[in-house]
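For reference, the structure discussed in these notes is given below.
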Protein chains: 2
Amino acid sequence: MKLKELAEELGLSQTTVSRALNGYPEVNKATRERVSEAALKFGYSANANARRLAIGRIGAIGILMPRDRSERFGPHTSEFFSGLAEQLSRDEMDLLMSPSINNDELAAYKRLISSKRVDGIIVTGPTLMDERVAMLTEAKFPFVLHGRTNIAAPHAWLDIDNAGAFRQAATHLIDIGHRHIAMIDGLKGHTFSEHRETGYREALLERGIPVDPRFIVHERFSDETGFHEAQRLLSYTPHPTAILAGSMMTALGVFRAIRSKGYELGKEVSVVAHDDVFPYLNASNMVPAMTTTRSSIRSAGSRIAELLVRVLDGEPVESIHEIWPVELILRQSSGPPVAPRR
Amino acid sequence: MKLKELAEELGLSQTTVSRALNGYPEVNKATRERVSEAALKFGYSANANARRLAIGRIGAIGILMPRDRSERFGPHTSEFFSGLAEQLSRDEMDLLMSPSINNDELAAYKRLISSKRVDGIIVTGPTLMDERVAMLTEAKFPFVLHGRTNIAAPHAWLDIDNAGAFRQAATHLIDIGHRHIAMIDGLKGHTFSEHRETGYREALLERGIPVDPRFIVHERFSDETGFHEAQRLLSYTPHPTAILAGSMMTALGVFRAIRSKGYELGKEVSVVAHDDVFPYLNASNMVPAMTTTRSSIRSAGSRIAELLVRVLDGEPVESIHEIWPVELILRQSSGPPVAPRR
DNA sequence: GCATAAATTCAAAGCGCTTTGGAGAAATCC
DNA sequence: GGATTTCTCCAAAGCGCTTTGAATTTATGC
């Protein structure tokens, strides 16, 4: 059923029916109800393409799928996307996922813009001076950034308080008696990674604990790197009695390393992980339950979709930015340091 | 730049320009080249919505994101989606991701169809008598299934040889001396899970080894369930000397369980996992490197996108189905059984 | 009760593209 | 060399919707 037919069926013009359905004020309440009922009855719903052609919006937002950079292409991606999709479907928007070509990300973004297949773009995993952000602001193409940069030009972004998360975690560990605390986080250069290191350093500084550069590790997020790096850390003398893990994957590897060295988890060596809240990797179900800094990446996805729609509606980007706090949730993988049995 | 402008620029009609660009035969070769060059020069590319409106195709295919069923919403999803997106972008198609509502999946599919926002649908994770497949064939809505069902009505699908994978793995383990082999796979009801169990049983049957029902476990794919179930299995007497894991996540948990029981991996207890090929969870990087049955879920995604386009082009669905073989890759996590040291 | 304002409704003009049905020019045939 | 056939190219009609500008009806003011 198309608009014309519905209008004929009702004995009204297409104009009126369209307005009734789209909530325009200049239509009688009784008429509107009659139209709505008929639309429901005949199962009418507007042809998305025609509608978009008419209003001059593509009706889709784009996001690039990082292809080779494994650190950005894990479970995080799927959670984040899911949040995006959830919100976008409410706004009748499509999500166009484009794979980046030949590792030349910037070119992929440019192509996405000039393809005219998206109204706006979502950018993730920025570096401090992210060239994509620079390019997009320069090109005045609507986008929202998940994360932050040091780029001055105004743009919309949403980030979590990464510095706060690690500061909180480290401070807590210090307060319960730890003096040797290591961190294993994502690759250097990424804003989140830098911020976390900053938070970590601040906590140590504030409590007068010297920073041992060997204890700061930047690596890809994965079970394996967690395992290897933790093994290395634990072989130092003195070894860290607590490890901050940048992701749940990393933390799993750290768990394994601690056990393989024969230490007791949460006693001889504590672990605090950053938890992006995966439905299938639950911190509280682990043994022992994992102490985490928690912030839902899925919620962030939803919210970012909302923000992008606001940008598209013309809201000034200067006013669109949010920093989400991160909760520290104490569980069994962390506790006061206990001297080894041996 | 729009078509009209480009046509004026070239001193041609919109018709000719459109045809030249879309590869229609009735246009002079010289003219076509002139048009292509100009298009490139001015950065012209057709407005997707206008084009779709004109040709009567939505230009997008849909896929539902399972919301609560954690077993279907892991890293698999993101790999699979990535494969889809890669191929679809070649066909100038969008991927519309819809979250399923209120756990009523069937209703979500119906809504997706009647929303008229997709030309076709991709269905994943089927059960043997999947109601979504039944509904979609009934409604004659184009779709491709990732997996298989027992439903007779013709429809397009692509599946891997799950039975063969587990048969191969089990047979190999038996041949190198194992007599007590367990399997931990996904939830019962799903086709892949049933097929794997069938393959496992066939292997045992063929070699005359009795099937111990306690050794067949169906659970969600996750590190934790792998850990718990493997611990349970290893507490039996006699305990399994080899465990087939349905996913890499599960396998990680199984690794942990084996170690926590003090067994040596690949000697006292062997593990073979099914590997969907995640860029960030690499079987050969593990310690010990994991023996796997391998099949890329990302490639499957790409191929399924291709198949769906063929369905949309009118190819009869009866002729569209593929079964992909699965390779068994021997590494260090499996070997002849060795008696425990204790 | 008539002018004026407000509330409804409508006809028609796009949105940017593809495609039908011809028309004119060039090539082929006998 | 005139009649066909074959190449190229074009004007115009949609695709299904929104929106402008105007017309009609109804309510309000004095």
Side-chain angles (χ1 to χ4, degrees), chain A residues 1-36 38-39 42-60 91-94 114-119 312-314, chain B residues 1-39 42-60 91-94 114-119 312-313:
Chain A
M1 156 105 24
K2 51 180 77 169
L3 183 60
K4 192 177 169 189
E5 290 162 15
L6 184 63
E8 276 166 9
E9 193 73 40
L10 284 159
L12 289 171
S13 73
Q14 296 187 42
T15 310
T16 306
V17 176
S18 167
R19 285 184 162 152
L21 258 23
N22 290 316
Y24 279 69
E26 57 272 73
V27 54
N28 195 326
K29 196 178 165 204
T31 313
R32 188 191 302 281
E33 273 166 17
R34 204 158 63 87
V35 172
S36 307
F42 294 108
Y44 169 81
S45 99
N47 175 307
N49 287 325
R51 164 167 234 281
R52 291 164 177 174
L53 177 58
I55 62 179
R57 261 213 200 170
I58 316 283
D91 292 316
E92 298 265 279
M93 284 257 183
D94 292 351
S114 65
S115 78
K116 268 176 269 167
R117 285 152 56 77
V118 296
D119 294 312
L312 295 178
D313 284 344
Chain B
M1 157 104 26
K2 51 179 77 168
L3 182 61
K4 193 177 169 189
E5 291 162 15
L6 183 62
E8 275 165 10
E9 192 74 40
L10 284 159
L12 289 170
S13 74
Q14 296 188 43
T15 310
T16 305
V17 176
S18 168
R19 285 184 161 152
L21 259 22
N22 290 315
Y24 280 69
E26 56 274 71
V27 53
N28 195 327
K29 197 177 164 205
T31 313
R32 187 191 303 282
E33 273 167 16
R34 204 158 63 88
V35 172
S36 306
E37 270 172 34
F42 295 108
Y44 169 80
S45 101
N47 175 307
N49 287 324
R51 164 167 234 280
R52 291 164 177 174
L53 176 58
I55 64 179
R57 261 214 201 170
I58 315 282
D91 292 315
E92 297 267 279
M93 285 257 184
D94 291 351
S114 65
S115 79
K116 267 177 268 167
R117 286 151 57 76
V118 296
D119 294 311
L312 295 178
D313 283 344

[X] [atom1] - [N] [atom2] separation (whole Å):
X      : N      : atom1 : atom2 : result
B:R52  : C:dC15 : CZ    : C1'   : 15 Å
B:E8   : D:dC10 : CD    : P     : 12 Å
B:N28  : D:dC10 : CG    : P     : 12 Å
B:R117 : D:dG16 : CZ    : C1'   : 16 Å
A:L12  : D:dT25 : CG    : C1'   : 14 Å
B:I58  : D:dC15 : CD1   : P     : 15 Å

First of B:L53 and B:V27 reached from the 5' end of DNA chain D, by closest nucleotide: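 The residue whose closest nucleotide sits nearer the 5' end is B:V27.
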Quick one: does B:K2's side chain get under 4.5 Å of B:N47's, heavy atoms only?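 When only atoms from C-beta onward are counted, B:N47 and B:K2 do not touch, as no gap falls below 4.5 Å.
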Close side-chain approach of B:Y44 to B:V17, heavy-atom, < 4.5 Å: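 Heavy-atom side-chain distance check fails, nothing below 4.5 Å.
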Main chain of [Y], side chain of [X]: is a donor-acceptor contact present, judged purely on distance under 3.5 Å?
X      : Y     : value
B:N49  : A:I58 : yes
B:N22  : B:Y24 : no
A:D119 : A:G59 : yes
B:R52  : B:R57 : no

Spell out protein contact along nucleotides 17-28 of chain C as letters: B when the base is contacted, S when just the sugar-phosphate is, - when no protein heavy atom is under 4.0 Å; keep the 5' to 3' order. BBBBB-------
Among D:dT8, D:dC10, D:dG16, which nucleotide sits nearest the side chain of B:T31?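 Selected nucleotide: D:dT8.
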